[in-house]
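Okay, structure first, notes after.
Start at 1 and go down the list; that is how both ligands and their atoms are numbered.
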Amino acid sequence: MTGQIKSLDEYHSEYARSVADPEGFWAEQASSFEWRKPWKQVLKWNFREPKVNWFGGGRLNITENCLDRHLATRGKQTALIWEPNDPKRKARKITYKQLYGLVCQFANALKAQGVKKGDRVCIYMPMTPELSVALLACARIGAIHSVVFAGFSAVSLADRIKDAKASVVLTSDYNSRGPKNIPVKQVVDEALALGCDSVRHVIVHQNTGDPLQMVEGRDIWWHEAVKGKRKSCKATAVDSEDMLFILYTSGSTGKPKGVVHTHGGYMVYTEYTFRNVFQYQDGEVYWCTADIGWITGHSYIVYGPLLAGATSVMFEGIPTFPDPGRFWAVIQRHKVNIFYTAPTAIRALMAAGDQWVKGRRMPSLRVLGTVGEPINEEAWQWYHERVGKKRCPIVDTWWQTETGGIMITPLAGITPLKPCFATLPMPGIQPCLVDANGHEIEGNDVEGMLCIKYPWPSILRTTYGDHERCRQTYFATFKDKYFTGDGARRDADGYYRIIGRVDDVINVSGHRIGTAEVEDAINKAPRVVESAVVGYPHDIKGQGIYAYIITSGPIADMAAFKKEVLDTVTKEIGAIAKPDKIQVVPGLPKTRSGKIMRRILRKIAEGDTSNLGDTTTLLNPEVVDEIKQGAKSA
Ligand code: WTA
């Protein structure tokens, strides 16, 4: 393993070197891993098609770098500390040696079910160690995992299974979350009833042990599948550019797309960022509270920490169960040194009152992190003072599903902080701000759309099954640049502050939700003719979902109608996409060409109706006043 950046001067010199000689820089990082066969060419790329190849010709298996290479030195070290939902249950500790055994055994089970290199395996599981084992077992045999967050509905799950043509689904019986026991396997059954013809088998992990129906010939218990299987399994060597996983994410238009990451580059970048951003020291305990259903969990619960030989906590539950002091209790219980969470969790715990964190000594804490959405100053200060007791740096890490790893961030204890600023790019990352005409905005104290000018090892390679969509979405807006969809400010010191999405994506509690997706779901509810969805500022969630709906006639029972809409969205997408506010409107403001003027709807949703701009060019300017009036009761 190569060293860590240790000072601001070193950061600046590493950064300069990574821009002057990106290939030399990344080749050096990559050479600290084990490759079955060295790469022939470090980088080959163009953003036109786009085509990006890192470490082309190299052969490897990421799990050999996560597991095998640690066995000699860290076999007995704890890799995973699993904290169950129920605080009265014992935590489960798994060493690197044990994890290796579990992964190999399940890899053998997958093989026995006929899973081969390149096959897609859909994973719909709660936060248990078997979830990590599932991802790694797929990677071990060169199968491509597609994890679907276990809060998505059967309809969403079915869409993703069909898009990836998965042959096997891995799931669990139930999901213990707070006081709830959610029937996860039942959702899989419902999804498969929607015509997922590619699926041959469902492997079911017994988590709670509550009763359920198994489908003969299709469903297999996890414990039966691994019975008698060996705890060693030679990893399948894959090409650096072979697909490692697909992860679906929302965009401005249409259904979620499957972002594709590949073995070599993703491995190099997640390990490099994990080690440097958090300044991980051997023996420390690291805890990321994300769910593995999202990219943060993939990169910074599963791959990054294991590649770096870290010990990490994995948490099954929720921050408020059994009470809002749970996070702090877990930090004390496992002597957590590095704690990485989302602004929405910080705001929720802040709102629950200081009594839960006050008096909690957490001397083990050294570094705090946030991810997923902009953090507001009040939450930043509270996190810094109340949780970190003013002695822990906060790394505000900006990145995306598509970037694979952390892009703009302070390095813990090295980069001077400014609240709410993601600060400076990682070495190897060349961000720029662009105006509406696509011209790069030079200099400091400026604002624009955030783009990246040069490839980094874990940039997305394609969107599964639809490369043109990848080109259109990320590489066509601005020539020769990757467009992030975010707006950002660069201050006088050259520090970046992320403002938020500039497209039709809403960030609700750190989860990306496309307005088009929510509209499609709402439109399926009875009596809905048309809808328009926008985001608005929400104290806890960051952004809330505001839905304007045109109905086919007057609604007598508004409460019942709203419930129908919410139930439909829950069924089509999942509870995370439920609108916070619903307003029935007589019409939607449209341009003469029929385009909905979302700008006006956003303003009204924000409660700012003082300056709606010029509405006279609208096809139907009269609806604006009516919507303004009605907004008061939404
Ligand atoms: C937002 C999550 C401000 C941003 C890793 C981005 C952030 C989207 C930050 C990606 C941050 C992520 N500050 N905004 N530190 N981190 N975002 O794909 O809008 O779930 O485009 O990846 O979250 O969300 P995704």
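For the residue pair Trp398 and Asp486, a side-chain donor N or O sits within less than 3.5 Å of a side-chain acceptor on the partner. Thr341 and Thr289 are linked by a side-chain donor-acceptor pair at a separation below 3.5 angstrom, with hydrogens and angles left out of the test.
Between Arg512 and Ile506 there is no side-chain heavy-atom pair separated by less than 4.5 Å.
Proximity of the aromatic rings of Trp399 and Tyr300 is defined here by a centroid distance below 6.0 angstrom, and this criterion is met. You'll find the ring centres of Phe327 and Phe339 inside the 6.0 Å limit.
Contact residues for ligand 1 (protein heavy atom closer than 4.0 angstrom to any ligand atom): Ile295, Thr296, Val371, Gly372, Glu373, Pro374, Asp396, Thr397, Trp398, Trp399, Gln400, Thr401, Asp486, Ile498, Arg501, Asn507, Arg512.
Remark: Arg497 qualifies as a cation-pi partner of Phe421 under the 6.0 Å distance and 45° angle criteria applied to the six-membered ring.
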